[in-house]
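Each remark here refers to the structure printed beneath this line.
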Amino acid sequence: MQTLTIYNSLTTQKEKFKPLKDGYVGMYVCGPTVYSNVHLGNVRTFMSFDMIYRYFLHLGYKVRYVRNITDAGHLTDDASEDKISTKARLEQLEPMEIVQKYTVDFHQILEKFNFLPPSIEPTATGHILEQIKAIQTIIANGLAYEVNGSVYFDVLKYNETENYGVLSKRNIEDAIENTRVLDGQSDKKNPQDFALWKKAEPEHIQRWESPWGVGFPGWHLECTVMSTKYLGEEFDIHGGGMDLKFPHHECEIAQAQACNHVSPVRYWMHGNMLTLNGKKMAKSTGNNILPGEIFTGNNKNLSKSFSASVVRFFMMQAHYRSVLDFSNDAILAAEKGFQRLMDAIKLLDNLSPSNNSTVAIEKWKDRCYEAMNDDFNTPILIAHLFEGVKWINLIHSQKETISKEDLELLKSTINAFVFDVLGLEKESAAGNNSDKLDGVVELLISLRNQARENKDWALSDKIRDELLALGIQLKDGKEGTKYSIN
RNA sequence: GGCGUCAUGGCCGAGUGGCUAGGCAGUGGUCUGCAACACCAUCUACAGCGGUUCGAAUCCGCUUGACGCCUCCA
């Protein structure tokens with residue numbers, strides 16, 4: 001098995017990956033809060049971990065990949081603004097109807113982007129009992145207290161023996177000085193304390209019975225409970241967006257320590273933000289693009305529509321830990337590059353092997369793995385893949401040669417990385433009537449070729465130009481005329 | 001205000017103490033009836049100022065700028 005190196009946010013350095021159990025990987029990724037449509041920024045994080053999941057599978061690991069759906073806790077704001085319940089009441093919907101609506105949307109979008117489904121996709125509302133139990137444990141361990149029907153985690157007390165701030169590199173003393181005074185938090189001993197259980201006000205729709213009265217679970221608890229339940233008290237990888245590092249992931253560590261007396265995660269991984277116009281995409285600010293808008297091109301930032309694979313390729317061209325800025329120019333360039341890659345892959349099946357190779361496929365393959373083994377460096381991998389593209393083209397035009405064995409290796413390697421690991425998809429040229437369309441275009445091509453033989457340039461150009469106007473581009477080559485639909 | 005990350009050629013975006021990232025665009029060529037497409041080749045770099053070093057875009061310091069977190073956020 002390959003030796004992987006992973007950047008661990010907890011230690012802030014790259015470390016050799018050693019799973020708790022040889023050959024097995026336990027991975028937890030914080031999923032979406034399903035109160036509105038996923039935007040492209042959300043998709044990037046999940047896509048990074050989809051790629052990571054795919055690479056582990058490719059390497060032969062057995063992976064249990066848990067990605068939750070947050071359908072409680074986050075939905076409700078403890079201040080006066082409660083979007084979900086307001087919305088639910090306005091539209092006379094149950095909260096779970098909203099949850100269902102956006103969960104379905106989430107799944108549909110991910111499917112379009114060719115995501116592999118996780119092994120388990122648990123929900124917060126499905127684990128209320130476990131969360132209550134965890135709170136009881138934390139109280140019993142003296143690290144939480146009940147006030148007025150709510151339960152809070154005692155951060156200062158926890159910090160006496162543990163380090164609240166290990167992950168986010170925050171100093172709690174500084175935090176105390178700098179915390180703003182917020183209304184409605186008077187129940188807390190300290191502003192740093194966070195809610196494990198919140199008392200439900202009468203108008204609050206999502207509510208469950210608990211030893212502390214009717215209420216709902218706090219923001220951070222679900223991930224601790226569900227990761228522990230499905231992956232154990234200690235597991236290999238925990239992922240999520242950079243913006244979840246604090247407080248969310250910091251709180252998860254504290255909760256897990258308070259429950260199980262062990263640091264839960266071996267490797268913390270954080271994906272970086274996707275920006276739009278240089279600013280973070282966020283639902284709250286309106287600075288975002290919805291995936292659906294990309295597919296239709298219906299967004300003021302876009303000059304045309306783009307396919308899911310192009311978007312995926314665009315994102316894979318950047319490292320998951322780097323900020324990536326989305327723009328029309330950038331996605332346009334990615335589309336061309338993606339097309340070049342796909343065109344070369346189409347040529348692969350037509351290549352004829354020679355007795356020997358003038359290209360070093362085996363070494364090239366090793367470099368591809370090296371790139372991925374170095375903290376999932378997909379941009380480098382893609383650079384290597386383009387070296388493969390160049391070779392394919394040169395072999396095709398008989399300027400280089402390749403042996404039968406090397407050709408098989410080239411094919412299997414390209415296919416593995418492009419389709420299995422990066423998760424890209426070949427694009428279907430046309431819709432349902434592709435057979436008929438194909439026949440029509442072929443007919444026009446043969447008519448045009450007749451005209452060309454007769455040197456009737458007026459007619460041949462008319463056919464070519466008018467097809468182009470319809471988005472059908474004819475491509476004259478040595479082996480005749482082909483076409484593509486844009 | 002506190003903590004942190006980053007500044008790479010026209011654009012996007014990797015990486016590294018000395019040796020070509022890659023893609024897009026541009027330029028030159030091949031192909032073509034002319035084109036387009038495609039293919040081949042190729043030019044533009046490492047924010048600024050100091051320092052360490054035989055050598056730094058890469059390490060250190062400062063300056064400037066951008067972004068992220070500190071409040072729900074992938």
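Everything quoted here is computed from the prediction, not taken from an experiment. Chain identifiers are assigned alphabetically (A, B, ...) following the order of the sequence lines, protein sequences preceding nucleic acid strands; residue numbering begins at 1 within each chain.
- At whole-Å resolution of the value, CG in A:Asp374 and P in B:A21 are 18 Å apart.
- Between B:U8 and B:U58, the two P atoms lie 13 Å apart (nearest whole Å).
- Remark: A:Glu442 pairs with no residue by the salt bridge (Lys or Arg N to Asp or Glu O under 4.0 Å) rule, at least two apart or across chains.
- Across the P atoms, B:G48 and B:G10 are found 13 Å apart, a figure rounded to whole Å.
- Note on A:His396: nothing from the nucleic acid sits closer than 4.0 angstrom, heavy atoms only.
- Sorted by first and then second residue, the salt bridge (charged side-chain N to carboxylate O under 4.0 Å, His left out) pairs with a member in residues 310-331 of chain A read A:Asp50-A:Arg312, A:Arg321-A:Asp375; sequence neighbours excluded.
- Distances shorter than 4.0 Å separate some side-chain N or O of A:Thr33 from OP1 or OP2 on B:A74.
- Closest approach to the A:Leu394 side chain among B:A38, B:C37, B:C40 is made by B:C40 (side chain taken as heavy atoms from C-beta onward).
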In 5'-to-3' order, the base (B), backbone-only (S) or no-contact (-) status of each nucleotide in nucleotides 22-29 of chain B, using a 4.0 angstrom heavy-atom cut-off, is SBSS----
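- For A:Glu121, the salt bridge (Lys or Arg N to Asp or Glu O under 4.0 Å) partners two or more places apart in sequence, or in a different chain, are A:Arg67.
- Using a 3.5 Å distance cut-off with no hydrogens or angles, the side chains of A:Thr70 and A:Glu222 do pair a donor with an acceptor.
- The distance from atom CG of A:Asp343 to atom P of B:C39 is 7 Å, rounded to the nearest whole Å.
- B:U52 and B:A57 are spaced 16 Å apart, taking the C1' atom of each and rounding to whole Å.
- Between B:U27 and B:G18, the two C1' atoms lie 31 Å apart (nearest whole Å).
- Dashed line: the shortest gap from a side-chain N or O of A:Asn272 to OP1 or OP2 of B:U5 is not under 4.0 Å.
- Whole-Å rounding puts the A:Glu335 CD to B:C12 P distance at 18 Å.
- Geometric assessment of A:Lys304 against the ring of A:Phe306 yields a positive cation-pi assignment under the 6.0 Å and 45° thresholds.
- Shown here are the side-chain contact (heavy atoms from CB on, under 4.5 Å) partners of A:Glu466, two or more places apart in sequence or in another chain: A:Lys462.
- Remark: A:Asp243 engages A:Lys280 in a salt bridge (Lys or Arg N to Asp or Glu O under 4.0 Å) (not counting sequence neighbours).
- With P as the reference atom, B:U42 and B:C54 are 36 Å apart, rounded to whole Å.
- In this structure, A:Lys399 reaches neither bases nor backbone, as no heavy-atom distance under 4.0 Å exists between it and the strands shown.
- Going from atom CG of A:Asn277 over to atom C1' of B:C12 covers 15 Å, rounded to whole Å.
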